[in-house]
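Report on one structure; see the data block that follows.
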Amino acid sequence: MYDIENYYQAESVKDAVRLLNEHPDARIISGGSDVLIKIREGKFAGTSLVSIHGIKEIQGVKMADNGDIYIGAGTVFSHITNDAIIRKYIPVLGEAVDQVGGPQVRNIGTIGGNICNGAVSADSAPTVFSLNALLRLEDGKEGRLVPVKDFYLGPAVDLRQGEILAYVIIPAKEYEGYHGHYIKYSMRNAMDIATISCSVVSKVDQQAGVIEDVRITFGVAAPVPYRCTKAEEALKGMKIEESLYEKTAQLIREEINPRDSWRASRAFRLQIGGEIAARALRRTVELAGGDRI
């Protein structure tokens, strides 16, 4: 049973902001794959909902004249995976969200909901961190543009009263010349949340045969998606040889600080974390055509 007090359908972003301000206790719902489960479990019993499902202006993917990629917060995972712009320029994001749940969830779940949920196990989160995404938040006034790394505040996110997430923006300078790969480790091969996950985005200097730049982000290795900035700095400029991947695994195990849980021990996550980071980096180098191993 779903204990819902009131349900309001927004017709536009502006209308959604108005409804949220008129009903400050209401929650936003789009696909409902998370909110409805919590209502059924009694966690949000008696809540009111403002639906942004069907608002066209926050659906789909488009590229601005300057090359920045705008992903509407209401875009479902399956559309992201199959979008021509995503497949050509940032396929790592499509691959990542294609690992969310099963086909039914991917056809209703949205990238905006995945991010605003604040779950550290969200499959989209490590990749949008590694791509240095910006979030466009609308409040009916000037709105805000927030780096995704500043949006996560632990169990919660920096979504203020009367705001909705409208777009996830990937600036051109953050993906041009880069290749990415996402690895999710879970106890089952399908429809399971990550035990630990890692998204690596790198740029290869093919002439010199070195890593020019690298970004490594983990899910389920800290209270928020975790960028391994110390490892990143240490790896920049390293020669592309087997020792690069051995060093990656070592650095990652020294930097991440996962917890013990019923899903996996800290020691297990450290071991797997180093391994998947090294494998993901190797794959990005292969995609760049720069792997000489």
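This chain uses plain numbering: 1 for the first residue, then up along the sequence.
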[Y] versus [X], side-chain donor and acceptor atoms under 3.5 Å:
{"X": "Arg269", "Y": "Asn257", "value": "no"}
{"X": "Asn107", "Y": "Ser78", "value": "yes"}
{"X": "Ser51", "Y": "Gln9", "value": "yes"}
{"X": "Ser199", "Y": "Thr217", "value": "no"}
{"X": "Asp158", "Y": "Tyr152", "value": "no"}

Tell me whether [X] at atom [atom1] has more than 12 heavy atoms from other residues, nucleotides or ligands lying less than 6.0 Å away.
{"X": "Arg279", "atom1": "CZ", "value": "no"}
{"X": "Lys203", "atom1": "NZ", "value": "yes"}
{"X": "His23", "atom1": "NE2", "value": "yes"}
{"X": "Glu142", "atom1": "CD", "value": "no"}

To the nearest 0.5 Å, what is the distance between [atom1] on [X] and [atom2] on [Y]?
{"X": "Leu137", "Y": "Phe151", "atom1": "CG", "atom2": "CZ", "answer": "5.5 Å"}
{"X": "Ile276", "Y": "Thr248", "atom1": "CD1", "atom2": "OG1", "answer": "12.5 Å"}
{"X": "Leu19", "Y": "Ile164", "atom1": "CG", "atom2": "CD1", "answer": "10.5 Å"}
{"X": "Leu159", "Y": "Ile28", "atom1": "CG", "atom2": "CD1", "answer": "5.5 Å"}
{"X": "Ile4", "Y": "Ile39", "atom1": "CD1", "atom2": "CD1", "answer": "4.5 Å"}
{"X": "Ile55", "Y": "Lys14", "atom1": "CD1", "atom2": "NZ", "answer": "13.5 Å"}

For this session: Kindly determine whether Glu232 and Lys236 satisfy salt bridge (Lys or Arg N to Asp or Glu O under 4.0 Å), including the steps that lead there.
Result: CA-CA 6 Å; Glu232 292 172 1; Lys236 290 178 186 177; 5.7 Å; no

Do [X] side-chain atoms and [Y] backbone N/O form a donor-acceptor pair below 3.5 Å?
{"X": "Arg266", "Y": "Pro258", "answer": "yes"}
{"X": "Lys184", "Y": "Gln99", "answer": "yes"}
{"X": "Glu255", "Y": "Lys230", "answer": "yes"}
{"X": "Gln59", "Y": "Val76", "answer": "no"}
{"X": "Asp98", "Y": "Gly94", "answer": "no"}
{"X": "Thr75", "Y": "Gly72", "answer": "yes"}
{"X": "Ser197", "Y": "Ala194", "answer": "no"}
{"X": "Glu163", "Y": "Val17", "answer": "no"}
{"X": "Asp205", "Y": "Val210", "answer": "no"}
{"X": "Lys239", "Y": "Ala208", "answer": "yes"}

Closest contact, heavy atoms only, [X] versus [Y]:
{"X": "Ala231", "Y": "Ile252", "value": "CB-CD1, 3.9 Å"}
{"X": "Ala26", "Y": "Leu20", "value": "O-CD2, 4.2 Å"}
{"X": "Ala16", "Y": "Val50", "value": "O-CG1, 4.3 Å"}
{"X": "Pro126", "Y": "Gly219", "value": "CG-N, 3.8 Å"}
{"X": "Ala166", "Y": "Ile58", "value": "O-CG2, 3.6 Å"}
{"X": "Asn21", "Y": "Gly162", "value": "OD1-CA, 3.5 Å"}

Check whether any side-chain heavy atom of [X] sits under 4.5 Å from a side-chain heavy atom of [Y], and report yes or no.
{"X": "Asp150", "Y": "Leu135", "result": "no"}
{"X": "Phe218", "Y": "Cys228", "result": "yes"}
{"X": "Arg87", "Y": "Asn82", "result": "yes"}
{"X": "Ser124", "Y": "Ile115", "result": "yes"}
{"X": "Thr81", "Y": "Ile86", "result": "no"}
{"X": "Val220", "Y": "Thr195", "result": "no"}
{"X": "His181", "Y": "Arg282", "result": "no"}
{"X": "Val92", "Y": "His179", "result": "no"}

Exercise. Just checking, Arg106 and Phe77: is the charged tip under 6.0 Å from the six-membered ring centre and within 45° of the axis?
Worked result: no

For this session: Establish, for the pair Arg215 and Phe129, whether the NZ or CZ atom is under 6.0 angstrom from the six-membered ring centre and no further than 45 degrees off its axis.
Result: no

Exercise. For the rings on Phe268 and Tyr185, is their centre-to-centre separation under 6.0 Å?
Worked result: yes

Exercise. Can you check whether Tyr70 and Tyr167 have ring centres sitting under 6.0 Å from each other?
Worked result: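 Ring centres of Tyr167 and Tyr70 closer than 6.0 Å.
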
Exercise. Which is it for Leu134 and Val148 under the side-chain contact (heavy atoms from CB on, under 4.5 Å) test, yes or no, and what are the steps along the way?
Worked result: CA-CA 6 Å; Leu134 302 172; Val148 70; over 6 Å; no

For this session: Tell me, with the steps shown, if Ile52 and Ile29 meet side-chain contact (heavy atoms from CB on, under 4.5 Å).
Result: CA-CA 6 Å; Ile52 59 173; Ile29 186 172; over 6 Å; no

Exercise. Under the salt bridge (Lys or Arg N to Asp or Glu O under 4.0 Å) criterion, do Lys173 and Glu176 qualify, and how do the steps go?
Worked result: CA-CA 6 Å; Lys173 66 187 177 91; Glu176 290 178 341; over 6 Å; no

Cluster overlap [X] with [Y], hydrophobic side-chain contacts below 4.5 Å:
{"X": "Tyr7", "Y": "Val35", "result": "yes"}
{"X": "Ile256", "Y": "Val120", "result": "no"}
{"X": "Ile108", "Y": "Val97", "result": "no"}

For this session: Report the C-alpha distance between Glu254 and Gln250 in whole Å, list the side-chain angles of each, state the deciding distance to 0.1 Å, and finish with yes or no for side-chain hydrogen bond (donor to acceptor under 3.5 Å, both in side chains).
Result: CA-CA 6 Å; Glu254 292 172 356; Gln250 174 194 335; 3.2 Å; yes

For this session: Evaluate side-chain contact (heavy atoms from CB on, under 4.5 Å) for Ile169 paired with Leu145, printing each intermediate quantity in order.
Result: CA-CA 9 Å; Ile169 305 169; Leu145 195 61; 3.7 Å; yes

For this session: Output yes when Arg160 and Asp139 qualify as a salt bridge under the 4.0 Å nitrogen-oxygen rule, no when they do not.
Result: no

Problem set entry | salt_bridge(Arg136, Glu138) N-O dist < 4.0 Å | yes

For this session: Verify side-chain contact (heavy atoms from CB on, under 4.5 Å) between Leu93 and Ile111, making sure each step is shown before the conclusion.
Result: CA-CA 10 Å; Leu93 181 58; Ile111 189 168; 4.3 Å; yes

